[in-house]
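Notes follow once the structure below has been shown.
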2 protein chains.
Amino acid sequence: MQKTGQPTINDVARIASVSKKTVSRVINRSPLLNDDTRKRVEDVIAELGYIPNPQARALALRRNFLIGLVHDNPNAQTVLNVQQGMLEALHGSEFEMVVRPLDRGSATMLEDLRHFLERQRLFGVLLMPPVSENDSVARLCDAIGCRYVRMGSAVIDDNDHMVASNDREAVRIATEYLIAQGHRRIGLVAGPHGFRSARERRLGFEDALGAAGIALPRSMIADGNYTFESGLAAAERLLDLMPRPTAIFSSNDEMAAGIIHAARQRGLDIPRDLSIVGFDDTPIAAHVWPPLTTVRWPIASMARSAALKLIAGADDGSDLVEEPSLFLSTLIRRGSVAPPLDAETA
Amino acid sequence: MQKTGQPTINDVARIASVSKKTVSRVINRSPLLNDDTRKRVEDVIAELGYIPNPQARALALRRNFLIGLVHDNPNAQTVLNVQQGMLEALHGSEFEMVVRPLDRGSATMLEDLRHFLERQRLFGVLLMPPVSENDSVARLCDAIGCRYVRMGSAVIDDNDHMVASNDREAVRIATEYLIAQGHRRIGLVAGPHGFRSARERRLGFEDALGAAGIALPRSMIADGNYTFESGLAAAERLLDLMPRPTAIFSSNDEMAAGIIHAARQRGLDIPRDLSIVGFDDTPIAAHVWPPLTTVRWPIASMARSAALKLIAGADDGSDLVEEPSLFLSTLIRRGSVAPPLDAETA
DNA sequence: TTGTACGCGTTATCAC
DNA sequence: GTGATAACGCGTACAA
């Protein structure tokens with residue numbers, strides 16, 4: 001025992017009457033080991049409660065036992081869901097989660113990330129959208145030799161490096177639901193330019209309208225940036241239209257909450273005068289009034305899967321099951337959708 | 001240069017024609033150093049872009065350059081605000097943030113934390129409520145030799161180990177505001193037992209009512225656990241009362257959102273039929289309808305200050321300004337409070 | 001003021 | 001199969 005109180009590999013080696021290297025082999029599950037020696041060493045390890053020192057391992061392996069969460073996502077709830085999914089995957093493993101926000105739009109963003117990765121020698125990083133959509137970031141990770149998995153709303157990398165949801169299809173289905181309710185004048189509050197999720201969701205919306213033969217004038221699309229305020233502003237524009245849309249699809253829940261606000265300020269009743277569908281299914285969706293019909297984005301499960309991909313093969317070796325790479329979003333029907341008052345027969 | 005591409009302390013020493021130790025002294029700002037040598041070494045460091053390897057330092061110093069966020073807080077937005085405050089403080093420093101959720105109520109919670117701290121050798125930890133209120137946790141940190149700062153709603157430790165808000169006073173002021181509006185039948189939705197914040201806020205509520213000579217029957221207090229659902233359930237009980245309270249103070253915003261929901265389900269208009277005041281000022285407060293009058297809890301600033309306390313003296317040495325330990329919460333007046341309809345003259 | 005030798009706890013090399 | 005011995009990159013006695 002050292003003065004720190006923690007037993008070291010030397011203690012184990014001495015007591016088990018073997019060399020350090022043999023202990024190391026036991027720890028790292030080297031296949032070429034006599035079963036007797038292995039057993040003896042394992043017993044001593046258990047008896048001493050020995051745990052390998054992560055700092056020393058990091059130095060020797062030139063690699064830390066940390067998984068990074070790299071993101072520049074403005075949505076608090078989304079970030080937290082991802083964290084929870086990651087933590088769940090990492091729980092009980094030797095890995096810890098370190099969070100690293102990135103300053104989107106900063107010219108030195110890539111340099112900052114490089115410094116971070118080179119210095120910390122992370123085992124791997126989980127890339128959240130929208131930075132995950134940046135190919136140069138992925139290439140940087142590759143070049144540095146840091147494992148990575150990208151999360152996103154469309155498949156833009158191979159299975160080992162990607163966990164995606166099918167936003168386009170999910171929004172198409174949600175929009176078809178609106179159409180099936182009788183809506184024909186349907187507005188879209190889109191997400192910010194440059195976000196793949198925004199693009200995919202918009203495409204799904206257009207797919208559904210196109211398939212139903214419904215025209216989509218440019219005025220029916222209002223841009224937002226995933227914030228409550230932008231949703232409110234977008235709704236103002238949409239609700240000024242004559243005739244007014246009878247339904248709005250919002251590219252995320254937070255903007256949908258803004259839309260509800262705007263509608264209420266005009267004395268519009270939801271869903272009687274206006275139907276709304278959101279995307280994400282964050283807690284806010286269930287807590288606004290009326291409860292929001294929305295698309296459930298399984299972002300926590302995706303993050304969990306991504307983290308497992310990251311550490312696959314690194315631990316017990318017990319998990320050889322392939323983690324899923326594509327997740328399906330489902331429509332959650334609550335109280336914010338009803339048939340339009342002026343149901344036209346198309 | 002090593003094969004890794006990163007220059008090491010040896011490279012610097014060799015090129016600057018000094019010993020490793022001298023370079024080490026420059027890095028660690030040892031006072032006893034010839035200015036010439038220092039300058040020469042600093043030049044080489046800049047030229048090479050040398051950055052000390054954190055893993056090697058961690059091993060030698062038996063201490064990592066990581067700050068832990070230890071929490072068992074159920075409120076997502078609160079956790080995220082704290083993270084943002086921490087990150088802000090850590091930005092540009094050599095420290096990274098690792099997040100460690102704790103399983104409250106778990107019998108092995110303390111053991112889990114001990115393992116975590118002993119293994120990772122964190123530089124320090126930020127303790128969030130409610131686990132921060134647990135004295136054995138603080139003693140554990142002390143025993144292990146890990147710096148810590150506790151966040152909370154009351155001062156329960158010395159300045160170096162505590163950043164607190166004055167919830168009791170803030171709630172007293174908020175309640176006085178309600179009383180000044182003419183309310184006499186005021187309900188309280190309390191926080192969960194065992195949370196110091198819940199206790200302080202309740203005490204502040206009782207202080208105000210007592211000072212105004214208003215009786216507080218037990219039926220006017222409903223317990224919640226800081227969740228939306230619990231707020232909704234508590235409101236059900238309060239609104240069943242005859243006569244009904246004309247105002248409710250909610251111990252946090254999320255429960256206040258639940259109260260709004262319950263009121264709306266009964267066709268009650270806010271603030272006409274019922275005034276509501278919340279606590280926290282999370283985004284939800286501004287996004288519900290009507291916008292919630294609430295107490296702004298400066299949790300992000302508190303976390304920032306706590307993190308700075310943690311790393312004080314560890315970095316440049318440039319910051320010798322004492323970080324504040326007590327933060328004041330302020331009342332934010334929005335749309336959820338109005339005088340009662342049946343304004344009695346007390 | 002500066003340098004030498006060694007320790008931190010682990011993994012890797014290459015013998016046996 | 002197993003064991004000396006040398007990395008890994010930095011900090012600290014102690015000496016000079």
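Atoms considered below: every heavy atom in the structure, side chains included; atoms not considered: hydrogens, waters and symmetry mates. Letters go in sequence order (proteins before strands), and every chain restarts at 1. Everything numeric in this text was worked out from a predicted model, so none of it was measured.
A:D11 has its side chain within reach of A:R14: a pair of non-hydrogen atoms, C-beta onward, lies under 4.5 Å apart.
As rounded to whole Å, 9 Å separates atom P of D:dT2 from atom CG of A:D36. Atom-to-atom, CZ of A:R119 to P of D:dC10 comes out at 11 Å; the value is rounded to the nearest Å. Here D:dC8 presents its P atom at 14 Å from CD of B:Q6, a figure rounded to the nearest Å. For the pair A:Q55 CD and D:dG11 C1', the interatomic distance rounds to 15 Å; values are reported in whole Å. Rounded to whole Å, the distance from CD on B:E118 to P on C:dG9 is 14 Å. In this structure, A:R40 places its CZ atom 13 Å from C1' of D:dG3, rounding to the nearest Å.
The phosphate of C:dG3 has OP1 or OP2 within less than 4.0 Å of a side-chain N or O from B:T22. In this model, the phosphate group of D:dG1 is not approached by any side-chain N or O of A:T37 to a distance below 4.0 Å at OP1 or OP2.
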(message) If you apply the rule side-chain hydrogen bond (donor to acceptor under 3.5 Å, both in side chains), what do you find for A:H161 with A:D158, and how did you get there?
(response) CA-CA 6 Å; A:H161 296 112; A:D158 55 276; 3.2 Å; yes

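Base engagement by A:L59 is indicated by at least one non-hydrogen atom pair under 4.0 Å involving a base atom.
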Under 3.5 Å donor-acceptor pairs involving side-chain atoms of residues 124-134 of chain A, not counting sequence neighbours:
unit_1 : atom_1 : unit_2 : atom_2 : d
A:S132 : OG     : A:M151 : O      : 2.5
A:E133 : OE1    : A:R196 : N      : 3.0
A:E133 : OE2    : A:R196 : N      : 3.3
A:N134 : OD1    : A:S136 : N      : 3.0
A:N134 : OD1    : A:S136 : OG     : 2.5

(request) Quick one, give me the B/S/- string for nucleotides 10-16 of chain C, reading 5' to 3', where B means a protein heavy atom under 4.0 Å from the base and S means that only happens at the primed atoms, P, OP1 or OP2. (result) BBB----

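Although no hydrogens or angles enter the test, the distance criterion places a donor-acceptor pair under 3.5 Å between the side chain of A:N64 and the main chain of A:Q120.
Between A:N34 and A:R40, the side chains place no donor N or O within less than 3.5 Å of an acceptor N or O (distance only, hydrogens not considered).
The salt bridge (Lys or Arg N to Asp or Glu O under 4.0 Å) test applied to A:E88 returns A:R304, not counting sequence neighbours.
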